[in-house]
Structures are given as C-alpha cells and as structure tokens.
Amino acid sequence: MSERSFAKEPGASGALEEGLARWAALRERDRFHDECGVFGVHGHAEAAHLTYLGLYALQHRGQESCGIASSSGGEHTLHRAMGLVADNFSDKVLRGLQGRHAIGHVRYSTAGGSHLRNAQPFCASIDEGPVALAHNGNLVNAQAIRRELEGRGSILTSTSDSEVIVHLLARSRERTPEDRLIDALSRVKGAYSLLMLTDDALVAARDVYGFRPLVLGRLGKAWVLSSETCALDLIGAEYVRDVEPGEVVVIRRGRLRSLWPFPSAPRGAFCVFEHIYFARPDSNLAGHNVYLFRKELGRVLAREHPVAADMVVPVLDSGNAAALGYAEESGIPYETALIRNQYVKRTFIEPSQSVRDFRVKVKHNASRGLFEGKRVVLVEDSIVRGTTLLKLVGLIRSAGAREVHVRVSSPPNTGPCHYGIDTPTREELIAHRHSVEEIRAILGCDTLGYLSLAGLRRTAEQLKHGICDACFSDEYPIPAEYRGEIPQLSLFRPVVEIVGEDTDPSD
Ligand code: SF4
C-alpha cells in the first residue's frame, strides 16, 4: 500500500487511523500514573553517569521532571530540570555532578503541579552536613504534620507532603543523619520508598507496608538502589535483593548496615498496580517477573470470561502481556491488529495546518482488513474513565468487526489511591458510577469481562509480600487523614544553593 493510495482511500481504515490518533492523545488522560522513580549509587567513580542511566530506565515512572544530586564528600551538587532525562543531562552537566555517590529522581505530575521547585532530589543542610532526598510515595498524614510544623514556626513554602520529612529531619535531636531520618519517618504515615544522600553515606528506607518497590544491587564494589530492577539491568548491576518493608539500609564507606527501627505492619501492602500496569514488564518486583505476572492475569481472565472469537487483540502496550496470556489459555490467535503510530500521535497535537495534514499520509495500514467480519477479544489492563476503550471499540467496529468483546485483566477500579499514584477522583472512575453491564453499554461492546478480585488475589499469592488492592476492593491498608484533594504532587523544595540548575543541557 503506497502512501498516496492510503491517503486517498476513504472508509473504515481512514476512520481507524483518525481514531487511533485521538486515542493516543486521550490515552494519557485515561490512565493511572505513577508518581516517581528513584535511583542511587554509592562508591563509584561515575556515580552521576550511572544514575543518569538508571533514571533513563525509570523514565516510565515519571516524565515531568528529573534530577540528580551527587556528593563529593564535603558538599552536594544538584541538577534538576523539567522534562525528560535524556533532554536534560548533557556531558557537561554530568561532569559537574562530581563525587562517588549520587541519587536521582524522576517525577510525574498532572497539570497545575508542573514547577521546577517540585522537582527532586531536594537538598537541605543540617548540623551534620548536606543531605539530599528523593522520595517515591505519598504520606497520608502530611497535612496534620504540616499544620503542627507551621504552628511551631516552620515555614513551608510548597504544598508538599514530602517536605514535612525534611522539616522533621531538620528538627530532630538525633545525632546522625540516618537517626534523624528514622526519627522523622517515625512521625509519618503512608507510602515511602526513599533515598537520602549525606556527605559520605547513602540511606534507603521503605515504609512498613512496602507500598512502593525498592531494590538493592551491586556493580563491582559499588552499591546501587533502584525503584525497579530494569534500571539495574541497564547499567549491568547485579540484583541482590529487595529492600524489605520497614527496613532502613545505611551504606557508608562501602559497608551496608540494615536497621529495623519501626513496628511491623499488620500486613504487607505492595501496590498490585505496579504489576498490573506501572512497572516495566522486564522488571522483577516482589520476587516475580512483571511480564509473566501480567500474562498469568490474562490466563486467569480467559478462564473466568471465555468467549468464542477469531482473534485476541491487545490495547497497546498496556494489554500486550495479558492478551498473550488470554490467547494462549483460550487457543484464540493473538493479533497485534491495532498498531500505535508515534508520528500520528505527534502530528495530532501540532497546531500548524500543514503539519496536521501530514497525519493522513502517515502509513497506518498494518491492520487493514484484519477486522473485517471478525469476532474480536480486545484486552486491556484496566479501565479508568473508559474514554480510551470507548474510542477503540468504535474504531474496531468501524473497521468491520462483527463482534467486540472487551476483557480487562484487573477488577473494576472503584476507588482512588492514597499511596503515591495519581488517580482521578472517585466520581471520575467509571466503575464507581456504573455497573459492569452499564459500562458494557457505554463502551458499545458485545460483552465485557473484568478479572475478579478473587482471581487477582489468587494470582498475587505468588508475590513475596501481601498486596494493596484498595483501588479495586476499597480495603485501604492505612486510612487517609486529609480532606479534599490529595496533596501528593508537590514535592521537596530546595533550601540550599543549587549548583548547575540553570545549566543549558545543549552546551
Ligand atoms: Fe496501588 Fe491501588 Fe493500592 Fe494505590 S490503592 S497502592 S494504586 S493498589
């Protein structure tokens, strides 16, 4: 098929292309979003470069801002910027981040929270020297502590929940940075997987429930900490183990000490959405490969909701592994009949008419004819608002499909997250307002089948720790202690001079 004939041809495939462009734009809004990723290196001559690579691998956990702080023993150097890791760290910037220890952070934000002052790591100065912190998670009692701190004279200029950790740390009367951190963390409730860089130590801490992941690795004699194992793989580091829920790891002069300063949680609460959607499929989290877990969910889904069909089609890329599992279990052929085209996505948001016209010339004919007269099982990992699937079902029908059966490899999303994931309000979640049959009617599909909560829980028994599934079950491990909007998008603010922040990466 030539570009020209494709551009001129009207009908179902043209509608498919146009719709896919809209789908790409809508899709970002119709997802849960992870808030952050953290990465740290202790004891390597190229600590900042390795951290840069680590953040590169964790970019899916946050694309709004990024930052690296390094320690050369006496002082910290920090570079933070808005945007992607690859666009903001030139050789010159990385050479300026000197020292054998470094931590880094990538952050996601929704509209309104998009400010450099919210980028991490956050640097502060305490009696024992400089500290930098990078945090993934959300605190549920931050507002109460914030009011208390302000009542005692602290000036908090951001709306950050994480900022309270720094103020608590600075006010602590403990004598070492790690003891100050433990003192501060003993006051907070909620989710944290965080890294703290001092002049000579790298400290890692994970909340007692273990909501967010944090893994420990080794690269030669250097120690590495990361949100996910995919970042260890990129730099050639060996996975050692997970930082356990409630554990504080202190690495100083190459030696690792493990502390258990907090009372145990009544149960583990590892975010099961990490395995369903957030984490990269090539990561191993909570003792299990993410891709294989998703595939298993697809198998369970096929057993719970079988249907006679001609093809199983994933919603790219989130439904890939579950669709493969569904296809293998059901014996129905797997087809990547919907192909996302990045050029279509880009041109769709360009304002210029000449560029928009390019959209119709973009090749998008891989699925031409595939849907005609077919019974399709469309597999997605979750439904948030339903806008994406609404479009896709319409597209597939307009491309000639006889039947469209939607299968979802997680239970209905009925509640928001309080533990570090950006979610819509409860009212915006389609499964909160509608029954499965009503959602089916809204989407316009022939049948709709969600994975059951029991099926999800049975599959998750293979994970090392207990899971949080509160956004499906409404069983929140820790009650939220705030009213109104979740203040989880504003993070640390700098309180010491930042070196290199204004450096132009293109230098
Ligand atoms: Fe993960 Fe949902 Fe629990 Fe939040 S509420 S931690 S998204 S499982």
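We count ligands from 1, going down the list as the structure has it; atoms in each ligand are counted the same way.
- Comparing Gly420, Pro477, Cys468 against atom 8 (S) of ligand 1, the shortest heavy-atom distance belongs to Cys468.
- In this model, a donor atom of one side chain and an acceptor atom of the other lie less than 3.5 Å apart for Asn136 and Arg61.
- For Thr414, there are no side chain to side chain donor-acceptor pair (under 3.5 Å) partners, not counting sequence neighbours.
- Interface of Ile421 with ligand 1, defined as ligand atoms under 4.0 Å from a residue heavy atom, comprises 7 (S).
- Aromatic ring orientation, Phe89 versus His79: perpendicular (interplanar angle above 60°, classes split at 30° and 60°).
- Among Asp282, Asn284, Thr229, the single residue meeting the side-chain hydrogen bond (donor to acceptor under 3.5 Å, both in side chains) criterion with Asn289 is Asn284.
- Atoms of ligand 1 found under 4.0 Å from any heavy atom of Cys417, numbered from 1 in the order shown, are 4 (Fe), 5 (S), 6 (S), 7 (S).
- The ligand atoms of ligand 1 that sit less than 4.0 angstrom from a heavy atom of Cys271 are 1 (Fe), 6 (S), 7 (S), 8 (S).
- Taking the side chain to side chain donor-acceptor pair (under 3.5 Å) definition, one finds that Thr459 meets it with nothing, sequence neighbours left out.
- At a threshold of 2.8 Å, atom 2 (Fe) of ligand 1 has a backbone or side-chain N, O or S atom of Cys471 nearer than that distance.
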